[in-house]
Amino acid sequence: MNQRFPRGAAAIVGLGVTPMGKIYGRSAADFAGEAIASALSDAGLTPHDVDGLLVNTNNAPDMTALLQLSLGLEDLTIVNGMGAYGSTVGTMLQYAAFAIEAGLANTIVLVYADAPLAEGGRAGASYVRPRPVTGVDSLRAVYGNIGANPGYAMAARLHMDRFGTTSEQLGAIAVAQRRWATMNPAAQMRTPITIEDHQTSRFIAEPLRLLDCCLVSNGAVAVVVTAADRARDLRQPPVPILAAAQAAPGDTGSTDAEPYLYTGARVSGRAALAMAEITLDDVQLLELYDCYTYTVLVTLEDYGFCAKGEGGSFVQDGRLGPGGTLPTNTGGGQLSGYYMWGMTPLAEAVIQLRGQAGERQVADHDVALVSGNGGLLGFHATIVLGSAAAA
Amino acid sequence: MPLPDAVSQPFFDAAAAGRLAIQHCPACDRHIAPTRPRCPWCAHPPEWRQVSGAATLYTFAVVHQVLHPGLHDRVPYATALVDLAEGVRLHAQLVDVEASEIRIGMPLTVCFRTVPSDTGPITIPYFRPA
């Protein structure tokens, strides 16, 4: 399949990130309003300029197209609540780029917001929201397989059994990302950790430990997308969108397939590199969806940075961390930064590509590969972004 | 709690009689799991077939987190995915085995236990070492 993309036609021109974490008493829509105002101000634009709104639907009931009305935006020609779970941000960028290029809208706002944490509750418990299901699927809850943790734990266990991956190797990912987070003022977790800290953190679902699992956050992130030629006249260095591809391999329940080991990253990654007209060697920054350490490991394999099964030995020397050869999740990611689904890796990519990452700035910052991962490794998206110089 | 519905009723009826039944597509000659209204490959309406109950353990996880108030007294417990001999993968739970003895690839066989539901006790499949 030859997927085409309007490479460089659209660019990210504004970014708004609210304070993150245990901030109580505000709704997701409230956080969204703040992030959008911040993103527009960042771009030097106003609500009057906005004619497109894409909302990442999630567990928050107010994250739908109705957000337009609570924000009071007028005269939109693109508006939608989009939902492909953790891969949604990639799909929103894909849609926005094509819409801008076709002249369907001029200034499109993309937003993710959530407020699952309530005062007095525990973070992990707040994020388990059993969906009402019937039929044979209802037995999953009876078997104790509720939420995402058991499924991802089973995926990691399978990888360890098949390929010899170790818990310490997963820990290397957590440790590297925490090192980046210590240099990120916006990160929720800024205390360094060691492999021993990882190994002594409590089991959530074996083999996954607390430090293998992402944070839970109240907050919002928004970006503003416009045409590239207009982007050059706005306040910030533009971040051109060079590629956005999606892949959802599915899970028919057949024993022929192994979707826990071979994810959609194989397909969306290859498509995105072709759209952007680059190879893996051109990638200088990796911002990977990291709901779990395992997600990072399997994505690295499926993108082709190493062979299938070799992810553990690939990461164990700490190359993903500061000073390493493959800077990954340079703001701490969802493991140590904050958990805003696909906006977590996207926001950090924008900051790095603009050269605004301060103490954690990666020296070579012209091409970033950004992944999205949703469901149980089933919904994937890959975005390629560039610096203003790469447009 | 198990919630049978119209599409899956034959599954629960078979379980009540101590049998494991899985959908099968007569056009593709393939088994289908979990329950679907149509064959995922050719959209033909599936039929139900009794299967052998033989399986191998595909993967598992030992859950320590209390994911539901009803599970408070059961942690830690093992939840699993099992590969039926007929070529489909099912969510499952293992019984009659210590967590420390569970091995990926171990041969399993279906057994049945009764659990509570909104409509009274309901029989569902579990898997034990073969």
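All chains are named by letter (A, B, ...) in the order of the sequence lines, taking the proteins before the strands, and each is independently numbered beginning at 1. Worth knowing before you read on, the calculation uses all heavy atoms, side chains too, and leaves out hydrogens, waters and symmetry mates. All figures in this text were calculated on a predicted structure; none of them were measured in a lab.
Heavy atoms closer than 4.5 Å to chain B are found in the side chain of L139(A), but not in its backbone. Residue contact with chain A, scored on non-hydrogen atoms closer than 4.5 Å, involves the backbone and the side chain of P125(B) alike. For L81(B), the parts sitting under 4.5 Å from any heavy atom of chain A are the backbone and the side chain alike. For chain A, the nearby parts of F60(B) are the backbone and the side chain; heavy atoms of each come within less than 4.5 Å. In this structure, chain A has a heavy atom under 4.5 Å from the side chain of F12(B), while its backbone stays farther away. Both the backbone and the side chain of V62(B) have a heavy atom closer than 4.5 Å to some heavy atom of chain A. With a 4.5 angstrom heavy-atom cutoff, T79(B) touches chain A via backbone and side-chain atoms both. Neither the backbone nor the side chain of R202(A) comes within less than 4.5 Å of any heavy atom of chain B. With a threshold of 4.5 angstrom between heavy atoms, A99(B) does not approach chain A through any atom at all.
Most heavy-atom pairs under 4.5 Å with chain A, from the set V63(B), I104(B), V75(B): that is I104(B). Taking L208(A), N145(A), D256(A) one by one and counting their heavy-atom pairs under 4.5 Å with chain B, the maximum is reached by N145(A). Ranking V88(B), V7(B), V115(B), L90(B) against chain A, the residue ahead of the rest is V88(B), based on heavy-atom pairs under 4.5 Å. Chain A forms more heavy-atom pairs under 4.5 Å with one residue of G105(B), P34(B), G87(B), P4(B) than with any other, namely G87(B). For the set A6(B), P40(B), A33(B), the count of heavy-atom pairs under 4.5 angstrom toward chain A peaks at A33(B).
Under the 3.5 Å distance criterion, with hydrogens and angles disregarded, no donor-acceptor pair is assigned to the side chains of Y85(A) and N58(A). Side-chain contact annotation: D302(A) with H380(A), donor-acceptor N/O pair under 3.5 Å absent. For Q169(A) and S313(A), the side-chain atoms include no donor-acceptor pair closer than 3.5 Å. One side chain, E301(A) or H159(A), offers a donor N or O that lies under 3.5 Å from an acceptor on the other. For S117(B) and T119(B), the side-chain atoms include at least one donor-acceptor pair closer than 3.5 Å.
Applying the salt bridge (charged side-chain N to carboxylate O under 4.0 Å, His left out) test to R74(B) and every residue at least two apart in sequence or in another chain returns nothing.
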For E258(A) and R162(A), what are the C-alpha separation, side-chain angles and deciding distance, and is it a salt bridge (Lys or Arg N to Asp or Glu O under 4.0 Å)?
CA-CA 12 Å; E258(A) 301 203 271; R162(A) 184 75 55 86; 2.7 Å; yes

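Ring-centre distance between Y152(A) and Y294(A): not below the 6.0 Å cut-off. Annotation: Y143(A) is in aromatic contact with Y126(B) [ring centroid separation under 6.0 Å].
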